[in-house]
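The figures that follow rest on heavy atoms only: side chains count, while hydrogens, waters and symmetry mates do not.
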Amino acid sequence: FPFRGMHFFASIQKAKRDMPDWKPKYSLLDGLRSSYLEDYVARGFDKKDPDLRTDQLILSKFMGGGNASVDEEIETGLSKERTADGSISLGQSVTWGGKQGTVRFIGDTKFAAGEWVGVELSAAEGMHDGNVLGVPYFVCKPKCGIFAQQAQLVSSGVAATTGGASTAPASIVKKRVLVMGGTRFIGCYLVAKLRELGHEVVVVNRGKTNEGKPERLPGASDAEYAKMLEGVSVLKADRKEPEQLKAAIIAAGKFDIVFDNNVRKLNEVQPLVEAVQASGGCEQFILMSSAGVYGPTDALPLSEENPGDPNSRHKEKLQCENYLNAMGLNWTSIRPVYIYGPLNYNPVERYFFDRVARGKPICVPYGGKYITQLGHCEDLADFMAKCIGNPAVRGQVYNVSGQEYVTFDGMAKLCAQAAGAPEPKIVHYDPKEVDVPDGFPKAFPFRGMHFFASIQKAKRDVPDWKPKYSLLDGLR
């Protein structure tokens, strides 16, 4: 096998930082296609018999008898991505029938055989919003989407920025902002960021925690907390009571920006949107989604191009995105991986701290080798606030997390280091052999798979944002 038996990948952030006019041209799939067509096939390797004697040794041991065929036919599904004017790739500016657009999708579809290119037109001169026969191939404004064969497209030059102009607003304009939730964890950090920028904030919740006001951030003085609350008002309403929610928001008047931090289902966001539109609409609607919407994949890190998983418990968040798009809103969806930091009510880092602080062994499943990713709550709130007024984020989804990836074992060791404790004793176990009774705490905070995402798109479209915290600093 050509690769070493270990996790082996590296950050290229320093290279991109010090050489700002450089970035990788090829996605892994595009590079493999190029290598297959322009080297493997062009040099005739597909016609030569490779030496598979080592394969036969392995197959005879693990499949039995040595009779298993190693000549498995592979359906490549490749087609040349060429036009008369050069290569076509995602994000490429193209012309279709004299109309300007940007390539948002390349691949097979369910509506017709062969490879198709999905294009978002600059004006509403198309046929759909990227959704055809109930399948969302990409997302764009209504009547801006078309599908075409590659030969029908003419390249207009270099790849376009996926979310539009990647220029942050030059100055901050005071906005009236509605925040759904706002009393705990992410909501507290977001409200603090918004107030720091001078925005007026209205939080919508049931008023059962801290009278509906955001919790004080760690380290904030009485004066700082009081100053933050000066520009915050509480609108008491329960989103599980749609008519009550609509009446409260309509009575509160027009909002410029809406942050929906706690939506889980489509029928929860619909009343909110109806109320906002009845009050005169909003400039931006920013939705808190989750990286848990992505389907299984062997190509990592996850990117925003990965398809959604129809079986995910977060699948309705995808429906919320489609609904916001269909309603014609200027929407943005944010997909964090695991979130950690002060005020976290989910037992993520606390699972490890509970054990290292007491010198207890840490039970880690799957051999501790799965890789995951965590993002600090303050970094997430900072990104959310910096979306305001940024035209690049219109109609886009963003993975937002930290820049580092960590194994399960590595997380246990980092938490011990952050707590100033000795390296912990790690006990590996197979979850299938442990039956956790009802009422017992969850056995482990992370899902049993590699789960980490690229944040390059977020850094590109919001160029004045990057994670402030390393994982170790954030844990401390």
Side-chain angles (χ1 to χ4, degrees), residues 23-38 41 74-166 294-295 297 299 302-308 318 321-322 325-326 333 392-399 454 456-457 460-461:
K23 66 176 181 179
K25 172 183 177 182
Y26 290 95
S27 70
L28 182 55
L29 180 57
D30 288 341
L32 289 172
R33 282 174 170 165
S34 173
S35 180
Y36 179 80
L37 293 171
E38 298 170 16
V41 173
I74 299 175
E75 176 61 45
T76 62
L78 297 177
S79 62
K80 293 184 179 180
E81 296 182 353
R82 302 292 176 191
T83 68
D85 295 283
S87 63
I88 296 295
S89 59
L90 291 174
Q92 183 76 42
S93 294
V94 294
T95 301
W96 173 76
K99 301 178 177 66
Q100 296 293 320
T102 302
V103 175
R104 299 300 190 202
F105 171 89
I106 301 174
D108 296 332
T109 67
K110 292 185 177 181
F111 61 79
E115 186 173 71
W116 289 82
V117 181
V119 178
E120 178 183 0
L121 299 177
S122 301
E125 302 173 307
M127 293 173 281
H128 49 71
D129 61 357
N131 188 309
V132 178
L133 299 178
V135 179
Y137 294 98
F138 62 97
V139 176
C140 66
K141 290 185 289 185
K143 297 294 183 181
C144 285
I146 62 103
F147 276 94
Q149 296 286 308
Q150 299 236 10
Q152 298 174 292
L153 303 173
V154 177
S155 172
S156 300
V158 298
T161 300
T162 303
S166 59
Y294 294 118
T297 179
L302 294 164
S303 81
E304 290 83 357
E305 300 297 330
N306 282 93
L318 291 173
E321 294 172 0
N322 291 333
N325 188 64
S333 181
V393 305
R394 182 186 183 101
Q396 299 299 314
V397 299
Y398 293 97
N399 300 328
S454 169
Q456 296 310 307
K457 182 180 176 183
R460 182 198 67 199
D461 289 358

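Expressed to the nearest 0.5 Å, how far CG of Leu318 lies from OG of Ser333 amounts to 8.0 Å. The distance from the NE2 atom of His128 to the SG atom of Cys144 is 10.5 Å, given to the nearest 0.5 Å. With rounding to the nearest 0.5 Å, the separation of CD1 in Ile146 from CG in Leu153 is 6.0 Å. In this structure, the separation between NZ on Lys143 and CD on Glu125 is 12.5 Å, given to the nearest 0.5 Å. Atom CD of Gln150 is separated from atom CH2 of Trp116 by 11.5 Å, given to the nearest 0.5 angstrom.
Between Glu120 and Arg104, at least one side-chain N (NZ, or NE/NH1/NH2) sits under 4.0 Å from a carboxylate O, which counts as a salt bridge.
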Assess whether side chain to side chain contact (heavy atoms under 4.5 Å, CB included) is satisfied between Val117 and Phe105, documenting all intermediate values.
CA-CA 6 Å; Val117 181; Phe105 171 89; over 6 Å; no
Does the pair Lys457 and Asn399 meet the rule for a side chain to side chain contact (heavy atoms under 4.5 Å, CB included), with working shown?
CA-CA 8 Å; Lys457 182 180 176 183; Asn399 300 328; over 6 Å; no
Please step through side-chain hydrogen bond (donor to acceptor under 3.5 Å, both in side chains) for the pair Gln100 and Ser122, ending with a clear verdict.
CA-CA 6 Å; Gln100 296 293 320; Ser122 301; over 6 Å; no
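Between Arg460 and Tyr398, the closest side-chain pair of non-hydrogen atoms is not below 4.5 Å. The closest side-chain heavy-atom distance from Thr102 to Val119 is not below 4.5 Å. Side-chain contact between Arg394 and Lys141 is present, with heavy atoms from C-beta onward closer than 4.5 Å.
Donor-acceptor pairing under 3.5 Å is lacking for the side chains of Lys23 and Gln456.
Note on ring orientation: taking the six-membered ring where Trp is involved, the planes of Tyr137 and Phe147 are perpendicular (angle over 60°, cut-offs 30° and 60°).
Among all heavy-atom pairs drawn from Pro142 and Ala326, the shortest one is CG-O, 4.3 Å.
Panel note: side chain Asp129, backbone Gly145; no donor-acceptor pair is recorded below 3.5 Å.
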